[in-house]
Amino acid sequence: MTFRVFCATINQSRSEKKRVPVLNNSTRKGSFLEGAFILTISTAFVKLAGLFFTFPIAGILKDGGMGVFYSAYDIYNMFAVLASAGLPVAVSRMISETLVSGNHREAERIYQVAVRLFTVIGAVIAGFMFVFGDWLAARIGNPDAGLSIRVLAVTAFCAFVMSALRGYFQGHSVMIYTAVSQVIEAVVKLVLGIVLALIVVRAGAGDSKSSAAAITGVSVGAVLAVVFLLIGKKRFDRNTVLPDLPVRSDKAIIKELFRIAIPVSLGSSVMSVVNVIDNFIIMHLLQEGIKIGPITLSGLNFGYEAAKGLNGVFGNAKKIFNFPSAFIVPFTVSILPVLTAAWTARDREGVKKNLTNCFKYSLMLALPAGVGMFILAAPIFSILYPKGNAEEGVPMLATFGIAVILYAVVSVTGAILQAFGRVNLPLVSLTVGGVIKCVLTTVLVSIPALNIKGAPIATCVCYVVMIAMNLLFLQQFMRGCAKPILVNVAKTAAAAVLMGGAAYLLAIPLESALGLRLGGLLAIALAGAVYAALIFAFRVVTLNELKTIRRRG
């Protein structure tokens, strides 16, 4: 696998045997599309496994148990986002920059420093979650979540160790190790989580223990993923000879890691913290209300059990939103090292090509997914949650359909800013958007006619604000790229809208003849076929283009 932008650099490095390591094929750089393709395949498997996990779990735990499950995850995500966002981005970006100059010895030193540092950070955060799990659960108004938070402490520790390992591989644009480790996590979570949840629920346990049992599969999967990555790192380095070149001190590397990681992690943490605040706002407004200093907001007096159930329905709708949104991650992960390297090498054409492709392929996935969720929210919710509260869940899912498209643009623009070294700017837009989201959630959820259905609306408004700010920040970098990006977006949007129209027209007679679930499933499949035909008809993508995704050196 060879990244064409760096062919000259790689060939030159091979001729300078005293300066550059002898690399096997597994250590060569891959292209942006190649890395995105590998991660997209693994993401598809992981998300399908997630569906096979979540939906049976939802049937086992019921709405109340799922409310506990999602509350614990909101706490976990608030900490784990540090590991999954800023830290691997920092390692990936630093290694990618270092490899442009051929200093593989410094790339190895960056990894060694990172893995030691991240292990210590992970241990501290995991210890905090374990010791204060009940206190954290009480603070968000769902005291049953304490045991689940403590179980997730193991997953949090593993997430920090994995961040160094995955960042190392991603810095080399080698995505296969990240992909396989994600699959391992997903399979173990699926099998072990469902088995343990069934055992505990059948034993008559309540929401607290049944949720913790399901989450135990997640923690075991994370441990096994770490073991795989460590073995993979050893294999990756087997035939690598490090050059005798000077490297930065550990102190300098740590300083650079934090310089990049802190803004990115804080930016990602903003939304995780916002989700926790959202949970707090929703749970309390649905019950007795909120008092903040002199300000008192009246609640809707649903009661704890009803509020917990509605929060579970909201979490189920958000889970469906997360499914297509996760397919944007491969593009943001893959674009960062490749775009960083092209920017560092002053390869303007490489920058332009990769920027265009990142927008093109991410929106090629997000637009039909969002339109489909908006049009077919009722059958989708009914298929995936046959025992769920469709009356509340369907309007939330339809709103999340709009959010899928907006999230794709937020993610791509944020990753591009990070690749260009402007790591502080996404933090600014995320913070502003997060504040707006909290305020709007408070206002909308307190309206009786909307109640919890106001939360997804606040999410959409938040993303619109972030998109506007990120595009403003990117103006200086987008010269020469705007036209091809807009042309591709227009063609893809036209295909998605026509697909949505076809889905709407097909769904009515099919659902009438076959029922909501079967008719809806067939309408989804036919709409997908219509979209596939349209993107080729509109030349959004061509067969020759798809054939060149995997390139051989």
Side-chain angles (χ1 to χ4, degrees), residues 31-37 39-40 43 81 84-86 88-89 92-93 96 170 173 175 263-264 267-268 270-271 321-343 350-371 402-430 433 459-460 462-493 496 540-541:
S31 69
F32 155 61
L33 287 179
E34 184 177 52
F37 175 78
L39 287 182
T40 299
T43 298
V81 73
S84 62
V89 164
S92 173
R93 191 169 184 274
S96 181
Q170 290 163 13
S173 288
M175 305 298 174
V264 179
S268 299
V270 165
M271 294 313 296
F321 158 75
N322 288 336
F323 182 78
S325 298
F327 286 89
I328 308 305
V329 175
F331 296 96
T332 60
V333 170
S334 300
I335 194 66
L336 197 141
V338 174
L339 195 54
T340 296
W343 183 257
V351 169
K352 179 179 177 181
K353 175 184 175 182
N354 284 296
L355 275 177
T356 303
N357 280 335
C358 191
F359 274 101
K360 173 180 174 177
Y361 286 96
S362 58
L363 286 173
M364 197 169 76
L365 292 173
L367 278 164
V371 171
I402 300 170
V404 166
I405 301 167
L406 300 174
Y407 172 81
V409 183
V410 170
S411 298
V412 169
T413 52
I416 292 169
L417 285 167
Q418 291 164 9
F420 288 148
R422 304 306 192 267
V423 292
N424 293 316
L425 297 179
L427 172 60
V428 175
S429 61
L430 283 164
T459 299
C460 290
C462 156
Y463 287 157
V464 169
V465 172
M466 287 192 280
I467 289 170
M469 295 182 70
N470 283 353
L471 291 177
L472 182 64
F473 296 146
L474 277 171
Q475 271 188 327
Q476 59 179 308
F477 304 108
M478 301 290 285
R479 296 189 184 97
C481 304
K483 184 176 179 180
I485 289 172
L486 289 174
V487 168
N488 280 316
V489 170
K491 291 192 292 185
T492 307
V540 176
V541 67

Run the side-chain contact (heavy atoms from CB on, under 4.5 Å) check on Leu417 and Asn424 step by step: do they pass? CA-CA 9 Å; Leu417 285 167; Asn424 293 316; over 6 Å; no
So, for [X] and [Y], which heavy atoms are closest and what is the spacing to 0.1 Å?
{"X": "Asn470", "Y": "Gly414", "result": "ND2-N, 3.8 Å"}
{"X": "Ile405", "Y": "Ala366", "result": "CG1-O, 3.7 Å"}
{"X": "Gln418", "Y": "Arg93", "result": "O-NE, 3.1 Å"}
{"X": "Thr413", "Y": "Leu471", "result": "CG2-CD2, 3.9 Å"}
{"X": "Leu406", "Y": "Tyr463", "result": "CB-CB, 3.6 Å"}
{"X": "Ser362", "Y": "Ile328", "result": "O-CD1, 3.4 Å"}

Please lay out, stage by stage, how Asn488 and Phe359 fare under the test side-chain contact (heavy atoms from CB on, under 4.5 Å). CA-CA 8 Å; Asn488 280 316; Phe359 274 101; over 6 Å; no
Any donor-acceptor pair under 3.5 Å from Ser96 side chain to Ser92 backbone: no
Donor-acceptor pair, Lys360 side chain versus Val540 backbone, under 3.5 Å? yes
Out of curiosity, [X] [atom1] to [Y] [atom2], how far, rounded to the nearest 0.5 Å?
{"X": "Leu365", "Y": "Ser325", "atom1": "CG", "atom2": "OG", "result": "11.0 Å"}
{"X": "Tyr361", "Y": "Thr492", "atom1": "OH", "atom2": "OG1", "result": "10.5 Å"}
{"X": "Met469", "Y": "Leu430", "atom1": "CE", "atom2": "CG", "result": "9.5 Å"}

